[in-house]
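For reference, the structure discussed in these notes is given below.
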Amino acid sequence: MVRKEVVLVTGAGGEMGQALIHALAASGRTAILALDVRPLPAEIAKKCKVALVGDILDQNLLSRLVSEYAMPSIFHLAALLSTRAEFTPEAAHHVNVDGTMALLKIAVEQSSWLGKPVKFLFPSSVAVYGLPNLEAKAAAGAVKEHEWNVPQTMYGCNKLYGEHLGRYYAKHYRQLAAERPTRGVDFRSLRFPGLISAFTMPTGGTSDYAPEMIHAAAQGHAYASFVRETTRMPFMAMPDAIRSLLMLEAAPEENLTTEVYNVTSFSPSAGQIADRVRAAFPGAAITFEPDLARQGIVDSWPAEQDDRRARADWGWSPEYDEERAFADYLIPNIRKRYGSA
Ligand code: AKB
């Protein structure tokens, strides 16, 4: 039986999944197998060859997919984000870790069927870093990949371990077994900062104050930020996030010096984001009412990420700095979306 070749996208209905499907389809890669626990919005589903509603923890479903499809590239985006994961840490671990391992196992099987390593793209996060206090955060500056890998959230722990699992499946899987596969998975991961999309809203993250502030103002809603005005963490506009994912997928293997790369663009304070929002929507009613627990999570994340390795190895550079992200992407598209002045 000839298996149909597809790009597998898990978490396809999430913010990144939707944006990735748009980009893949726009570049002519329409053989997309999308998987999500909820039905996809119709305009996303119609860009896919198959849009399945299902759970990455459903072993029967995964086995069926392996037998029906050839998957030279897997974008494993499904995850429970940092705020949500703190309410149900064990459930988050199940989805974020067991789910990732199940997908890596599929990638190994696919690699041996295809006779070449399957590319496995795994979005990791700034949440893998954990700074113990604000003094350490100020002193750390832009953190490098190997620094401060002591996350304070279940999501951060899960993402860090997901990176380790990926490296294991790529390089050391079944290292003592006689029938050890000769070529492992081609695992590639990006540590994303907070992402801001003009077209979708995040759910369950702790960087959500930035997109929430902008989308609320455009709809004429008041917004109380759950972090202080002075809080800083790195961000990136969604088109850059997707571009970096596709650039890393396309990068020649011999150029890669690590499995895991920081990528980032701008690091405004929450107050600076509010200033930009007020400049665009003069009626915006933004207040700062820190939630101690969520504040603590963002305080443990670095203010900046050092992405020099991605720049050196595969030519990464964001197209949207802070000014361009707001002026050319966020404000015009969000205005259009809500029909706001
Ligand atoms: C979250 O806030 O949990 C995510 C992330 C920073 O990975 N947006």
Side-chain angles (χ1 to χ4, degrees), residues 10-11 13-20 75-89 91-93 95-97 99-100 121-131 137 142-143 145 148-163 166 189-215 225-227 231-242 244-245 260-270 273 290-291 293-305 307 318 325 330:
T10 72
E15 284 208 284
M16 194 182 283
Q18 295 195 33
L20 175 65
F75 291 84
H76 173 44
L77 313 182
L80 295 192
L81 300 186
S82 55
T83 290
R84 174 126 181 251
E86 289 312 305
F87 288 99
T88 53
H93 184 279
V95 172
N96 295 348
V97 173
T100 297
L121 278 296
F122 179 68
S124 185
S125 165
V126 65
V128 304
Y129 299 107
L131 283 308
K137 176 165 171 158
V143 296
E145 283 85 351
W148 296 106
N149 287 184
V150 275
Q152 296 185 9
T153 60
M154 179 53 103
Y155 170 73
C157 294
N158 296 162
K159 285 293 184 187
L160 187 57
Y161 184 57
E163 296 172 1
S189 178
L190 288 167
R191 285 188 187 158
F192 284 112
L195 302 180
I196 315 180
S197 169
F199 303 104
T200 49
M201 287 292 291
T203 43
T206 318
S207 60
D208 296 5
Y209 62 90
E212 282 174 1
M213 202 183 281
I214 311 169
H215 284 259
S225 164
F226 57 80
V227 296
T231 304
R232 281 180 72 222
M233 67 165 285
F235 282 99
M236 187 186 256
M238 187 60 85
D240 269 336
I242 301 305
S244 66
L245 206 51
V260 179
Y261 289 93
N262 273 340
V263 281
T264 188
S265 184
F266 47 91
S267 283
S269 67
I273 299 174
D291 170 280
R294 292 180 99 188
Q295 177 74 59
I297 290 176
V298 183
D299 286 347
S300 77
W301 293 346
E304 291 171 55
Q305 288 167 264
D307 63 1
L330 293 169

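All values reported here derive from a predicted model rather than from experimental measurement. For the numbers below, each heavy atom of this structure counts, side chains included, while hydrogens, waters and symmetry mates do not. Just so you know, ligand 1 is whichever comes first in the structure, and atom 1 is the first atom listed for that ligand.
Listed here is the closest heavy atom pair of W301 and K137: O-NZ, 2.8 Å.
With no hydrogens or angles considered, a side-chain donor-acceptor pair links S124 and E163 at under 3.5 Å. Using modelled atom types and a 3.5 Å distance limit, the side chains of T231 and Q295 yield a donor-acceptor pair. Between the side chains of R294 and T83, at least one donor N or O sits under 3.5 Å from an acceptor N or O.
Residues satisfying the salt bridge (charged side-chain N to carboxylate O under 4.0 Å, His left out) test with E86, not counting sequence neighbours, are none.
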What are the polar N/O contacts of ligand 1 with the protein below 3.5 Å, with distances?
from, atom 1, to, atom 2, distance (Å)
ligand 1, 2 (O), S82, OG, 3.3
ligand 1, 2 (O), T206, N, 2.6
ligand 1, 2 (O), S207, N, 3.0
ligand 1, 2 (O), S207, OG, 3.3
ligand 1, 3 (O), S82, N, 3.0
ligand 1, 3 (O), S82, OG, 2.5
ligand 1, 7 (O), S125, OG, 2.7
ligand 1, 7 (O), Y155, OH, 2.8
ligand 1, 8 (N), S207, OG, 2.9

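Within 6.0 Å of CZ in F199 there are more than 12 heavy atoms belonging to other residues, nucleotides or ligands.
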